[in-house]
Amino acid sequence: GTRCPDVVAAVQLIAAERENVRADIYDIRYFPEMKEKYSVMSVPCMIVGEDLFFGKKNIDEIIDILAKH
């Protein structure tokens with residue numbers, strides 16, 4: 001989707017600047033087992049711990065999510 005690249009870029013930027021953040025990016029088309037395991041219904045989808053976050057997020061929203069985990 002067109003919303004995915006913004007989320008991917010923001011997550012990678014955060015991970016590059018923070019030792020304690022790791023970003024693994026998956027194209028769900030090629031990882032059906034992940035889609036099934038996490039019941040991913042739409043993209044972009046961020047998995048933080050066991051929690052899922054759907055939809056476009058800006059860098060501030062992603063930082064807020066990470067700060068709560």
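In this text, all values refer to a predicted model and were calculated from it rather than measured experimentally. Basis for what follows: all heavy atoms, side chains included, without hydrogens, waters or symmetry-related copies.
Interatomic distance, CG of Leu52 versus CE of Met46, reported as 9.5 Å (0.5 Å rounding). Rounding to the nearest 0.5 angstrom, the gap separating the SG atom in Cys45 from the CE atom in Met34 is 8.5 Å.
Under the rule for a side-chain contact (heavy atoms from CB on, under 4.5 Å), Ala9 has no partner lying at least two apart in sequence or in another chain. Take Asp24 and apply the salt bridge (Lys or Arg N to Asp or Glu O under 4.0 Å) test, not counting sequence neighbours, and it matches Arg22. With sequence neighbours excluded, the residues that form a side-chain contact (heavy atoms from CB on, under 4.5 Å) with Val8 are Gln12, Ile25. Residues passing the side-chain contact (heavy atoms from CB on, under 4.5 Å) test with Ile63, sequence neighbours excluded: Ile14, Ile59.
A ring pair (Phe, Tyr, Trp, His ring centres under 6.0 Å) check over residues 7-51, counting only residues at least two apart or in different chains, returns the pairs Tyr26-Phe31. Within the structure, salt bridge (charged side-chain N to carboxylate O under 4.0 Å, His left out) contacts touching residues 28-56 (residues at least two apart or in different chains) are Asp6-Lys56, Asp27-Arg29. Annotation: salt bridge (charged side-chain N to carboxylate O under 4.0 Å, His left out) contacts involving residues 58-69, sequence neighbours excluded, are absent. Each ring pair (Phe, Tyr, Trp, His ring centres under 6.0 Å) pair with one or both residues in residues 42-69, not counting sequence neighbours, appears once here: Phe53-His69.
The hydrophobic cluster containing Val11 also contains Val21, counting ILVMFWY residues as joined when their side-chain heavy atoms lie under 4.5 angstrom apart, directly or transitively. Linking ILVMFWY residues whenever their side-chain heavy atoms come closer than 4.5 Å, directly or via other members, places Leu66 and Val7 in the same cluster.
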